[in-house]
A.B. asks: 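Submitted below is the structure of interest, expressed as structure tokens.
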Amino acid sequence: MTVRERFRNEVEAKVKEALDAMACKTSFEVEAPSTGIADLALPCFSLAKSMRKQPQAVAEELCSHISCGGLICEVQPVNGYLNFYIDQDSMVRETLRELLESGEDYGRQKNKGIRVNVEHTSVNPTGPIHVGRARNPIIGDTLSRCLRRCGYDVETEYYVNDVGKQVVLLTWGVLNIPPSEVELSERDKTDHRLVPYYRLANQMMETSDEVREQIAEILRRFEAGDEQVISQVRKVVEMMLEGLKETLDAINVHLDRYVWESQYIADGSARRVVEMLKATPYCGVEDGAYYLELKDFGIQGKNTRFTFTRSDGTTLYTTRDLAYHLDKFSRADRVIDVLGEDQKLGNQQLSIALQILGVESKPEPLFYSFVSLPDGKMSTRLGKVVYLDDLIDEAVQRAYEEVRKRRDDLSEKKMWEIARIIGIGAIRYNILRIQPEKKMVFRWEDALNFDGNSAPFLQYAHARACSILRKAGDFEPVVDETLLTVDYERKLISVISQFPEVITECGENKRIHLLPSYGHELASAFNQFYAAVPVLTSGDKRNARLTLVDCSRTVMKITLETLGIVAPEEM
RNA sequence: GGGCGCGUGGCCUAGCCAGGAUAUGGCAGCAGCCUCCUAAGCUGCAGGUCAGGGGUUCGAAUCCCCUCGCGCUCGCCA
């Protein structure tokens, strides 16, 4: 248990005792004041109502029944609140002690023995990842990192859509269009190289009946389980995926497994889903196409039907997704899906269908809104896109220029290495700092922001801490609260002590945007300390301060790592 | 048209789920700070009818209703 948890427990126990003494049985809630005026506070307004007294009078009366002691060093009735203050010396001592003991495992919870499956990214393998879709892998990856730190056994996976018209069309293009007929792609990377074939195939299908018929034929053979066609599609999709993986690798996203949609057709599980759904009382059929009637399940709108087979009996995307979810639930206790907001209805239908099939747990969707460009929606077809690869290049390039501006002592190789860490960090941070459900407008100046509330701000503070420690050399760690009495030191330690509860909130409630915010607060507290308090030249306080710098460095590092951002030792 | 989501200083954003004390930060702007551990930093100033209106409450950015604006969605597509 952390100091802050113990402090809260003590406060709640004292309040309970005081209320008992006043013969009051009303329940109460202790809160952390937003203004930072106290460490914890008890609002006495609802108590006042049930006791038919003035709030301030209640606060004062409660106060008279509470004595300080333990971690509580002061209690004050103010404006109808009862304010509690934590004993600073204990807070400093205990926090640093915990941190020195656990090191980079600070804030890591014991293994819960709960398996969580996080599906994220899953972009259609018909083109490179663009910045609109980039929210998905970055959110999914960071959420997974938070959950791991919260003690869950996390497995991440990418659901590869290797079924359907789009991938068949792409495959047709790659197999039938001679390379001499397509424009050269701007980037020599497999996903980009395939784009011209896909674009041209789309055009040809619109203009040529012959092409359209050929593609329809391949699609029929695909649906019929023609092994040659399936393997051709698979090969092309694998080629595309190779490029996508390179991009994901560049932004520090690594998935544990790739699951192929075609698998659920091949192993018959999609068929089994169809049979099970047909046997339910909600099933109906029209022109040979089967559907579930969902109007009794809160689905609103013109069409409350969830169709799960075509009239020719073949399965649909959502049918296979259902088979996939049954598979996931057989492998995990919790299933989380990171999805674009356009999937909301589909996901709701999926969830109801799973319920009808008797699955007790529900998938937990995490939706994010789309990223648009200042002049409107992104469109791959119209060429109105910014590819993630281009954003990465631009970010690294700009970071390189910034590094070169201030470091003439580094080798080219080292400068590019640092630039990469900073550029990628800036991209991830900029996406993570905003609540997923808020829509984003992509602007280069925001995406490449290196000041203020940004990854480089946090990375810079980390590098400064590393720099001091490098210059200090070996030292004996000291935890002595009497040597760390400056306000800046105490503020910094207070922020450090909040890390475990922030991680818990991020993981348990899937509110990962709180982590960048915490990181900024931490780096800001460190920078203020850095500017005001000398470390290396501080005489008998040197080792105590070096210990604080080292502890700060640890927490900044694990905050960055949980965000999926590298913590550079110099920049 | 129905459903879901969003609307906080010029711009971006926290707080909303679990209503409470002067609404969080950042960018841009203005004024300062490098003979001293990396100035990607620090200090200060200025800037807000929390989209609008009603309601619930001792108390509303937060909960409820209505209106407006924006996004997504309502396929035998994936």
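In what follows, chains are A, B, ... by sequence order, proteins preceding strands, each numbered from 1.
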A.B. asks: Among G41(B), A39(B), C72(B), which is the nearest nucleotide to the side chain of Arg406(A)?
C.D. replies: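 For the Arg406(A) side chain, the nearest candidate turns out to be A39(B).
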A.B. asks: Under a 4.0 Å N-O cut-off, is there an ion pair linking Lys414(A) with Glu417(A)?
C.D. replies: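 Glu417(A) and Lys414(A): salt-bridged.
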A.B. asks: Base, sugar-phosphate, or nothing: which does Gln459(A) touch, judged by heavy atoms less than 4.0 Å apart?
C.D. replies: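 Counting heavy atoms under 4.0 Å across all strands, no contact is made by Gln459(A).
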A.B. asks: Under 3.5 Å, is there a donor-acceptor pair between the Asn449(A) and Ser454(A) side chains?
C.D. replies: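 No - no donor-acceptor pair under 3.5 Å links their side chains.
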A.B. asks: Closer than 3.5 angstrom, by distance alone: can the side chain of Thr547(A) be matched with the main-chain N or O of Val478(A) as a donor-acceptor pair?
C.D. replies: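 Present.
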A.B. asks: Tell me whether the NZ or CZ atom of Lys278(A) lies within the 45° cone about the ring axis of Tyr290(A) and under 6.0 Å from its centre.
C.D. replies: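 Yes, cation above the ring, under 6.0 Å and within 45°.
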A.B. asks: List in numerical order all residues of residues 512-525 of chain A for which some heavy atom is under 4.0 Å away from an atom belonging to RNA chain B.
C.D. replies: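 Those residues whose heavy atoms fall under 4.0 Å from RNA chain B, taken from residues 512-525 of chain A in numerical order, are His513(A), Leu514(A), His520(A).
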A.B. asks: Considering every strand and a 4.0 Å limit on heavy-atom distances, what is the contact class for Glu437(A): base, sugar-phosphate, or nothing?
C.D. replies: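 Answer is sugar-phosphate: Glu437(A) comes under 4.0 Å of backbone atoms only.
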A.B. asks: Identify which nucleotide among A18(B), C76(B), A78(B) has an atom closest to any side-chain atom of Thr307(A), counting heavy atoms from C-beta outward.
C.D. replies: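 Of A18(B), C76(B), A78(B), C76(B) is nearest to the side chain of Thr307(A).
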A.B. asks: Determine the interplanar angle of the Tyr324(A) and Tyr159(A) rings, folded into 0 to 90°, and report it as parallel if under 30°, tilted if 30 to 60°, perpendicular if over 60°.
C.D. replies: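 If you compare the ring of Tyr324(A) with that of Tyr159(A), the planes turn out parallel.
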A.B. asks: Counting the atoms with a prime plus P, OP1 and OP2 as sugar-phosphate, which does Glu445(A) contact under 4.0 Å by heavy atoms, base, sugar-phosphate, or nothing?
C.D. replies: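 The answer is nothing, as Glu445(A) stays clear of every strand by at least 4.0 Å.
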A.B. asks: Below 3.5 Å, does any donor atom in the side chain of Asn83(A) face an acceptor in the base of A21(B), or the other way round?
C.D. replies: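 Answer yes: a donor N or O sits under 3.5 Å from an acceptor.
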A.B. asks: Check the side chains of Gln76(A) and Asn83(A) for a donor-acceptor pair under 3.5 angstrom, ignoring hydrogens and angles.
C.D. replies: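 No donor-acceptor contact under 3.5 Å links the two side chains.
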A.B. asks: Produce the list of close N/O pairs, under 3.5 Å, pairing protein atoms with atoms of nucleotides 9-12 of chain B; give distances to one decimal.
C.D. replies:
{"from": "C12(B)", "atom 1": "O2'", "to": "Arg433(A)", "atom 2": "NH2", "distance (Å)": "2.8"}

A.B. asks: Side chain of Asn453(A) only, please: which of G26(B), A40(B), C17(B) is the nearest?
C.D. replies: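 Closest nucleotide among those given: G26(B).
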A.B. asks: At 4.0 Å (heavy atoms only), tell me whether Met571(A) reaches a base, stays on the sugar-phosphate, or touches nothing.
C.D. replies: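 Base: the residue Met571(A), judged by heavy atoms under 4.0 Å, touches a nucleobase.
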A.B. asks: If the C1' atom of G69(B) is compared with that of G52(B), how far apart are they to the nearest Å?
C.D. replies: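 Here G69(B) and G52(B) have their C1' atoms 11 Å from each other.
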A.B. asks: Quick one: does NZ or CZ of Arg305(A) land under 6.0 Å from the six-membered ring centre of Tyr291(A), within 45 degrees of the ring axis?
C.D. replies: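 Output yes; distance and angle both within limits.
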A.B. asks: What integer distance in Å separates Leu292(A):CG from G75(B):P?
C.D. replies: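 Going from CG in Leu292(A) over to P in G75(B) covers 15 Å.
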A.B. asks: Does this structure show an ion pair linking Arg406(A) with Glu402(A), if we count only N-O contacts that are shorter than 4.0 Å?
C.D. replies: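 Judged by the 4.0 Å cut-off on N to carboxylate O distance, Arg406(A) and Glu402(A) do form a salt bridge.
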A.B. asks: Check this for me: does any side-chain nitrogen of one of Glu157(A) and Lys328(A) sit under 4.0 Å from a carboxylate oxygen of the other?
C.D. replies: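 Lys328(A) and Glu157(A): not salt-bridged.
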A.B. asks: Have a look at Arg52(A) and say if it touches a base, only the backbone sugar-phosphate, or nothing, with a 4.0 Å heavy-atom cut-off.
C.D. replies: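 If one applies the 4.0 Å heavy-atom cut-off, Arg52(A) turns out to touch nothing in the nucleic acid.
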A.B. asks: Given C42(B), C76(B), C37(B), identify the nucleotide with an atom nearest to the side chain of Leu536(A).
C.D. replies: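 Ranking C42(B), C76(B), C37(B) by closest atom to the Leu536(A) side chain puts C37(B) first.
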A.B. asks: Mind checking Lys377(A) for me? I need base, sugar-phosphate or nothing, with any heavy atom below 4.0 Å counting as a touch.
C.D. replies: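 Sugar-phosphate, no base atom in range.
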A.B. asks: Contact class for Val163(A) vs. all strands (heavy atom < 4.0 Å): base, sugar-phosphate, or nothing?
C.D. replies: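 Counting heavy atoms under 4.0 Å across all strands, the contact made by Val163(A) is with sugar-phosphate only.
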A.B. asks: Examine distances only and state if a side-chain atom of His520(A) and a backbone atom of Pro516(A) form a donor-acceptor pair shorter than 3.5 Å.
C.D. replies: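 Absent.
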A.B. asks: May I ask you to say what Ser46(A) touches in the nucleic acid, namely base, sugar-phosphate or nothing, with a heavy-atom cut-off under 4.0 Å?
C.D. replies: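 Answer is base: heavy atoms of Ser46(A) come under 4.0 Å of a base.
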A.B. asks: Contact class for Phe457(A) (heavy atom, under 4.0 Å): base, sugar-phosphate, or nothing?
C.D. replies: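 Sugar-phosphate: the residue Phe457(A), judged by heavy atoms under 4.0 Å, touches backbone atoms but no base.
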A.B. asks: Taking the same atom, P, in C50(B) and in G44(B), what whole-Å distance lies between them?
C.D. replies: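 After rounding to an integer number of Å, I get 27 Å for this pair.
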A.B. asks: Dot-bracket for RNA chain B, 5' to 3', with Watson-Crick and G-U pairs under 3.5 Å, [ ] for crossing pairs and | for other-strand pairs: what is it?
C.D. replies: (((((((..(((.......[....))).(((((.......))))).....(((((..]....))))))))))))....
A.B. asks: Scan Tyr530(A) against the nucleic acid and name what it touches under 4.0 Å (heavy atoms): base, sugar-phosphate only, or nothing.
C.D. replies: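 Base contact.
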A.B. asks: Looking at the side chain of Asp451(A), which of U8(B), A40(B), U57(B) is the nearest nucleotide?
C.D. replies: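 In terms of side-chain proximity for Asp451(A), the closest of U8(B), A40(B), U57(B) is A40(B).
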A.B. asks: Would you classify Glu570(A) as touching base, sugar-phosphate or nothing, given that sugar-phosphate means primed atoms plus P, OP1 and OP2, and contacts are heavy atoms under 4.0 Å?
C.D. replies: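 Base contact.
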A.B. asks: Measure from the side chain of Arg511(A), starting at C-beta and using heavy atoms only, and say which of C37(B), C76(B), C17(B) lies closest.
C.D. replies: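 Taking heavy atoms from C-beta onward, the closest nucleotide is C17(B).
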A.B. asks: Check every strand shown and say whether Asp287(A) touches a base, only sugar-phosphate, or nothing at a heavy-atom separation below 4.0 Å.
C.D. replies: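 Base, at least one base atom sits under 4.0 Å.
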A.B. asks: Please lay out, stage by stage, how Glu223(A) and Arg220(A) fare under the test salt bridge (Lys or Arg N to Asp or Glu O under 4.0 Å).
C.D. replies: CA-CA 5 Å; Glu223(A) 296 284 354; Arg220(A) 270 193 292 276; over 6 Å; no
A.B. asks: Does Trp444(A) reach the side chain of Leu391(A), with side-chain heavy atoms less than 4.5 Å apart?
C.D. replies: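 In contact.
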A.B. asks: How would you label the contact of Pro33(A) with the nucleic acid (heavy atoms, under 4.0 Å): base, sugar-phosphate, or nothing?
C.D. replies: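 Since a base atom lies under 4.0 Å of Pro33(A), the category is base.
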A.B. asks: Within 45 degrees of the axis of the six-membered ring of Phe526(A) and under 6.0 Å from its centre: does Arg464(A) put its NZ or CZ there?
C.D. replies: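 No, a cation-pi geometry is absent between Arg464(A) and Phe526(A).
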A.B. asks: When all nucleic acid strands are considered with a 4.0 Å heavy-atom cut-off, which category describes Val533(A): base, sugar-phosphate, or nothing?
C.D. replies: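 Touches a base.
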A.B. asks: Counting heavy atoms from C-beta on, name the nucleotide in C42(B), A78(B), C76(B) closest to the side chain of Ser311(A).
C.D. replies: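 It is C76(B).
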A.B. asks: Do Ser467(A) and C37(B) have a side chain to base donor-acceptor pair shorter than 3.5 Å?
C.D. replies: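 In this structure, the two groups form no donor-acceptor pair.
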